[in-house]
Every structure is written in C-alpha cells, then in structure tokens.
Amino acid sequence: MVQALNHLRDQIDEVDQQLLDLLQQRIQLVHKVGEVKNQHGLPIYAPEREAAMLAKRRAEAESKGVPPALIEDVLRRVMRESYTSEKDSGFKTIKPELGNIVVIGGRGQLGRLFVQMFRLSGYQVDVIGKEDWQQAPELFASAGLVLVSVPINLTEQIIARLDCLPENCILADITSIKAAPLAKMLAVHKGPVVGLHPMFGPDVPSLAKQVIVYADGRGSEQYQWLLQQMAIWGARLHQVEAESHDKAMTLIQSLRHFTSFAYGVHLAQEEADLELLLDLSSPIYRLELAMVGRLFAQSPHLYADIIMASEQSKAMIKRYHHNFGELLKLLENEDKAGFIKAFERVSEWFGDYSEEFLKESRGLLQQANDSRRG
Ligand SMILES: O=C(O)C(=O)C[C@]1(C(=O)O)C=C[C@@H](O)C=C1
C-alpha cells in the first residue's frame, strides 16, 4: 500500500520536474520577448494576445480532460512573472530629446517607483528631496518634465515654487486628489500640465494592468509621449475630470480607509485576540483582517492626509456615520422587516454586479486559501 503510494509520488515528482523544465524554457522565451518589446517600444501587457492564448489553452485543456480554469490560473500566474521579467529588460525611450526629468519627492515610496520606471526607460532622472532645494533652479533649467510626488498636504505649497520652469517643460503631479493641485499647477506654470493619480501602492512588482488616472490641464499634444511611455510600462490609462475624480475618491479612499481605521481602533480597544481570530477565520475574514491590518503597517501621515483630504471627504464620512446610526436603530428595534427591506434595496442597486462580485470574490478566496500554510 505505502509502496504503491511512494511509487506514484515518485512519478508525480518526475512530472513536476518536467513542469519546471518547461517553465524554465518559457521564462527564457519571455526574456527574449522583453528584449524585442524594448527595441520596438511595445507594451509589456498585451491583452489581445492573452485573451486569444487563454481561449485556445482552455479549449485544448477541455479536450484533454484538464479543467480549463486550471490552465487559466497557471498561465495567469506565469504571466505575472513575465511582466516583471520584461520590466527588467527596460523600456524604449519614447522621447529621447526630452532633457532631464526632475522628480520632487523622488525618495518617497511612490516617487521612487516612478524614478525607477523612468530610468528603466532610459531617461536622465534627478531627484529633489527636502534637503536639496538649492539645486532645484539648475535642474529645472534643462528639465523636460517635472513630477511632483510629495505628501498631499505639501503638494500645493511645493507647486507654488515652480514658477520658473522652462516654457515647454511638462508639469505633472501624482497626488491622490486632483482638482486643487491641477488648478495650482495651471496658475503657476504656462506650459503643458497634467495631473496623474496612480491607483496602486509602491509595492507592485510591475505596472502591468495597473491603472493610472490622468486629468488634463493643458497642452495634451505635448504630454502624449508621457501617456504612451506609461502605457509601455503596462499601465492602463484612464482620463477623468478632476472634480469627478475627487468625488469618487471620497468613497474609494477617504471613506474606505476611514472605516478600516475605525475597525482597527475598535479591535485594539476590545483587545481582540488576533491569533484566535486568525485561527477561526474564514478566508473572507482573513482577507478583511489583512485589508485592515495592512493599513497599520504604513504611514499614519499618509493615511491622515488621504482621509482628511478635503471638506468633501469629511462630509462623506459624516453621512456614513449618520447612516450607521440610522441602521443601528433597526437593530435596537429588532426590526427584521426593516433590515430585509434595506437589504433588498441595496441588492437591487448593485444589480448584476452583485452576482459578478460573488463570482470574482470566490476566485480570490480560493487563491487566499491556496496560500494558507500549516
Ligand atoms: O506575448 C507577449 O506579448 C508577451 O509579452 C508574453 C506574455 C506571456 O507570458 O505569454 C506576457 C505578457 C503579455 O501580456 C502577453 C503574453
């Protein structure tokens, strides 16, 4: 019996080793793809190729009696490695005659990522931090792009100092609110202006499929190359109006982070037994704890600034608090019918998205469960 098992396991080991050899071959091929893409300025993320390839492999899997979802999962995971490997091959310089790029706050986490991406794309990048403003005039004189990457509460006052840039220089920022910094950049600088908001944190391994939102200031034909450069990095560019962006951020950022913050404060105040919570956690609860916990591994300054970004944000959080209080009344009154009515209203409001989210979260939870150990 045990011998039979061992024999089968030996065969599985052999198959896994073949899988490894095949992965090695694939990684080497992708490395070459990275070099070709670098030469020709092609984006690392090729959605049409991925869709066509996955459709073919799924069909082939089906005919072999392999679950199609299995090969799709495997290939998606493998392609995540491809993005990182292709990134390391560097990127074509879309605007070789640009001059230097100056990143103000380029030693901050997200600033560093942009510095790295521009350097991988062959640009001369200079970084200005708090201590080296005296170098600024000299660096600005030959700059083709100045990118402001400082904490939100400093953005406007830093932009105010940028009234001395060359006329053709692009002025851009990556602050997570857009209207006020954009207005300030337009007031200070006569040349091309664009507001950016990367919708990801600094810990992403590549920019493939990551969203970068941009709000036009002026001179869009002059900053097209920048959008093209970021598309080559694999980013998906999404144009927005600054005001509607900021309104959406009151929900996506301020309220989201505030509720995580409040939940964390509550857990700590209750002296919840974190280990026990984890031992007893379902995958979705573990993800929720991770979402809340990861907030507290980051900078309190950053999150205070994001949560308190605007009056709009404060008003949104207050409206949520009010709603929370109203809903609590359902609880106090043991009003089950009222609860169900409110529930159904929301379910209708989500519409088809409800089902879609159920499916999507199922996949995520399976992945979370796969990475469980012990
Ligand atoms: O075919 C390409 O364009 C690749 O870069 C290779 C590859 C892959 O690993 O198969 C990786 C990224 C693309 O989004 C599509 C496919």
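One is the number of the first residue; the rest follow in order along the sequence. Note that ligands are numbered from 1 as they come in the structure, with each ligand's atoms numbered from 1 the same way.
- Assignment of Ile44 to the shell around ligand 1 is supported, since a heavy atom sits closer than 4.0 Å.
- Close contacts between ligand 1 and Tyr45 involve ligand atoms 14 (O) [criterion: under 4.0 Å to a heavy atom].
- For Tyr45 and Glu50, the side-chain atoms include no donor-acceptor pair closer than 3.5 Å.
- Under a 4.0 Å criterion applied to the non-hydrogen atoms of Val33, ligand 1 contributes the atoms 4 (C), 5 (O).
- Partner of Tyr353 under the ring pair (Phe, Tyr, Trp, His ring centres under 6.0 Å) criterion, out of Phe350, Trp349, Phe357: Phe357 alone.
- Of all atoms in ligand 1, listed by their number and element, those nearer than 4.0 Å to a heavy atom of Tyr83 are 12 (C), 14 (O).
- Asp203 and Arg294 are joined by a salt bridge, as a carboxylate oxygen and a charged side-chain nitrogen come within less than 4.0 angstrom of each other.
- Nearest to atom 3 (O) of ligand 1 by heavy atom, out of Lys32, Arg49, Lys37, is Lys37.
- Scanning the protein heavy atoms around atom 16 (C) of ligand 1, the nearest turns out to be Met79 SD, 3.9 Å.
- At a 3.5 angstrom cut-off on N or O pairs, Ala46 counts as close to ligand 1.
- Closest heavy-atom approach to atom 10 (O) of ligand 1 among the candidates Glu50, Lys209, Arg26: Arg26.
- The nearest protein atom to atom 11 (C) of ligand 1, hydrogens excluded, is given as Ser82 CB, 3.6 Å; this is a heavy-atom distance.
- In this structure, His321 and Glu326 have side chains that are not in contact, with every pair of non-hydrogen atoms separated by 4.5 Å or more.
- Within a 6.0 Å radius of CD in Gln109, other residues, nucleotides and ligands contribute 12 heavy atoms or fewer.
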Would Ile44 and Ile232 count as a side-chain contact (heavy atoms from CB on, under 4.5 Å) here? Give the steps.
CA-CA 6 Å; Ile44 56 173; Ile232 288 177; over 6 Å; no
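- Counting only heavy atoms from C-beta outward, the side chains of Met230 and Leu237 approach each other to under 4.5 Å.
- With ligand atoms numbered from 1 in the order given, ligand 1 contributes 9 (O) to contacts under 4.0 Å with heavy atoms of Val30.
- Taking each heavy atom of Leu186 and Arg218 in turn, the nearest pair found is O-NH2, 3.1 Å.
- The contact set between ligand 1 and Glu86, taken as ligand atoms under 4.0 Å from a residue heavy atom, comprises 4 (C), 5 (O), 6 (C), 11 (C).
- Between Glu81 and ligand 1 there is no heavy-atom distance shorter than 4.0 Å.
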